[in-house]
Amino acid sequence: MPNNDIEINTICADLESSKFILLSSGHERSEQDEPDLKHAGKKLPKIKIFGTGGTIASKGASSSHTAGYHVDLTIQQLLESIPDISRICDIDYEQLCNVDSKEIDEHSLLKIYNGISAALQTFDGIVITHGTDTLAETTFFIESTIDSGDVPLVFVGSMRPSTSVSADGPMNLYQAICIAADKRSRGRGVLVSLNDQISAGYYITKTNANTLDSFNVRQGYLGNFVNNEVHYYWPPVKPEVCHKFKLGLWPGDDASSKSWSGALASVKDSVKDSVKDLAKDGVQNPSAAFPIVHILYGHQSLSPELVKLVGNKCAGLVIATMGAGSLPSAVNDVVQELPIPVVYSKRSMDGMVPKANMPKQDPASARSNVIASGFLNPEKSRILLQLCLFERFGIAEIREVFSNAYGG
Ligand SMILES: NC(=O)C[C@H](N)C(=O)O
């Protein structure tokens, strides 16, 4: 069958972007292809697709280059590279930003948060394209801050740029849209679709910097996608241990119940600066700014001076400890003198930091500032601590939140 160009009608309000042509799908259709809901007289699900950049939107110098590429494609161009989906869903698309995910910061997170929050009112499923390097941080943040009810939020990226031989982006995107449109994806919260696997955004971690099989999820994959079929291994479920924060609410200035005056002072300063920047960028909800939390990497001869220096420049600190909470005694001593909460995470990919391994402190004391991260890695611990500080939680409440992840 010839591969004719196909016209897709979308539900964009803007006429200019409400149609696009599939220039070259490279895909011959057959009776067994994706279910044709449109011609079965069924109402098509409405799917919103947000573009944020990443390798999936990148071009390299030649078809054999899989490194040294740059972000260059818009979400509209990405959609033009996938097979016709007009028989299974109506789509609307929007570019939120177009960057390598190393550039995703609090501003971009808020744009993604605001985009998803608004789209939840109207759409049956939402797809977000994203670079893979920090994808797990964004999915953790979104699962922790948005209750999407039944609406699936499917994040997708790729490991090869669009220009490479066997680029994985188009298939990954196609699968993500099919997953978002599939009724069986409802009630599962934030999902990640990559390399034919479906995972929970809360648990996923990037474990390989180069291969197509770049993500790993020790809690197990939720399902897979093979030849236009979505398969789930489990009924709908959301991560039980996830603490939900309400970003829209700024609790005001009454910090009377909190014992962390040092941390709160830093929080206030960082909030002031961030609010200015956010307002400049025209981001809605500028009050939702985040306190600064840094991460330090533990190693032999880690300098207590460095820990002190960094600890005095932030509202919270995460340390990737050696083993299950190990740090040199001199570092433990300095940490306990800091006026901020310090989360002990781990540099090992697997396992957890239990609270039994924290340096001995008097839990009743206002100075007991060390918290175990449980199974959360340093980058997820950082986001969780930021959210706790944003909510102006005191040390006991922060501990309680981390205890969901079996730390505390
Ligand atoms: N595979 C990728 O998407 C990596 C890229 N550097 C990014 O995170 O944006």
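Computed over heavy atoms, backbone and side chain alike; hydrogens, waters and symmetry mates excluded. The residues of the chain are indexed from 1 along the displayed sequence. Model, not experiment: these values are computed from the prediction.
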K.L.:
Any idea how Y174 and F225 line up, ring-wise: parallel (<30°), tilted (30 to 60°), or perpendicular (>60°)?
P.N.:
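Correct class here is perpendicular.
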K.L.:
Is a side-chain donor-acceptor pair under 3.5 Å present for E106 with Q386?
P.N.:
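Yes, a side-chain donor-acceptor pair sits under 3.5 Å.
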K.L.:
How are the rings of Y203 and F375 set to each other: parallel, tilted or perpendicular (split at 30° and 60°)?
P.N.:
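Tilted: the ring planes of Y203 and F375 meet at 30° to 60°.
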K.L.:
Checking N357 against Y344 for the side-chain contact (heavy atoms from CB on, under 4.5 Å) test, could you report, in this order, the C-alpha distance in whole Å, the side-chain angles of both residues, the deciding distance, and whether it holds?
P.N.:
CA-CA 9 Å; N357 280 354; Y344 278 33; over 6 Å; no
K.L.:
Is a side-chain donor-acceptor pair under 3.5 Å present for Q175 with D196?
P.N.:
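Looking only at side-chain atoms, Q175 and D196 do form a donor-acceptor pair, the distance falling under 3.5 Å.
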K.L.:
Quick one about H130 and T138 (side-chain donor to acceptor, distance below 3.5 Å, no hydrogens or angles considered), yes or no?
P.N.:
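T138 vs H130: donor-acceptor pair found between side chains.
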K.L.:
With a 4.0 Å cut-off on N to O distance, would you call K46 and D124 a salt bridge?
P.N.:
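So K46 does not pair with D124 through a salt bridge.
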K.L.:
Quick one: do E137 and K380 make a salt bridge, cutoff under 4.0 Å?
P.N.:
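K380 and E137: not salt-bridged.
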K.L.:
Check D333 with K308, please: is the shortest side-chain N to carboxylate O separation under 4.0 Å?
P.N.:
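Salt bridge flag = no for D333 with K308.
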K.L.:
Is a donor from one side chain sitting under 3.5 angstrom from an acceptor on the other, for S108 and D105?
P.N.:
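A pair is found: one side chain offers a donor N or O, the other an acceptor, under 3.5 Å apart.
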K.L.:
Without hydrogens or angle criteria, can the side chains of T321 and K346 be said to hold a donor-acceptor pair below 3.5 Å?
P.N.:
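Per modelled atom types, T321 and K346 side chains form no pair under 3.5 Å.
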K.L.:
Under 3.5 Å, is there a donor on one side chain and an acceptor on the other for N227 and E229?
P.N.:
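No pair is found: no donor N or O on one side chain lies under 3.5 Å from an acceptor on the other.
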K.L.:
For a quick check under 3.5 Å, do S144 and Y202 share a side-chain donor-acceptor pair by atom type?
P.N.:
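Y202 and S144 do not have a side-chain donor-acceptor pair below 3.5 Å.
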K.L.:
Whether the R399 and S368 side chains hold a donor-acceptor pair (N or O, under 3.5 Å, no angle test) is what I'd like checked.
P.N.:
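There is such a pair between these side chains.
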K.L.:
Taking it one step at a time, do L384 and F402 satisfy side-chain contact (heavy atoms from CB on, under 4.5 Å)?
P.N.:
CA-CA 8 Å; L384 194 58; F402 275 87; 3.8 Å; yes
K.L.:
Apply ring pair (Phe, Tyr, Trp, His ring centres under 6.0 Å) to residues H299 and Y297 and explain how you reach the verdict.
P.N.:
CA-CA 7 Å; H299 54 86; Y297 197 87; 7.4 Å; no
K.L.:
Could you tell me if D84 and S86 have a donor-acceptor pair between their side chains, going purely by distance under 3.5 Å?
P.N.:
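D84 and S86 do have a side-chain donor-acceptor pair below 3.5 Å.
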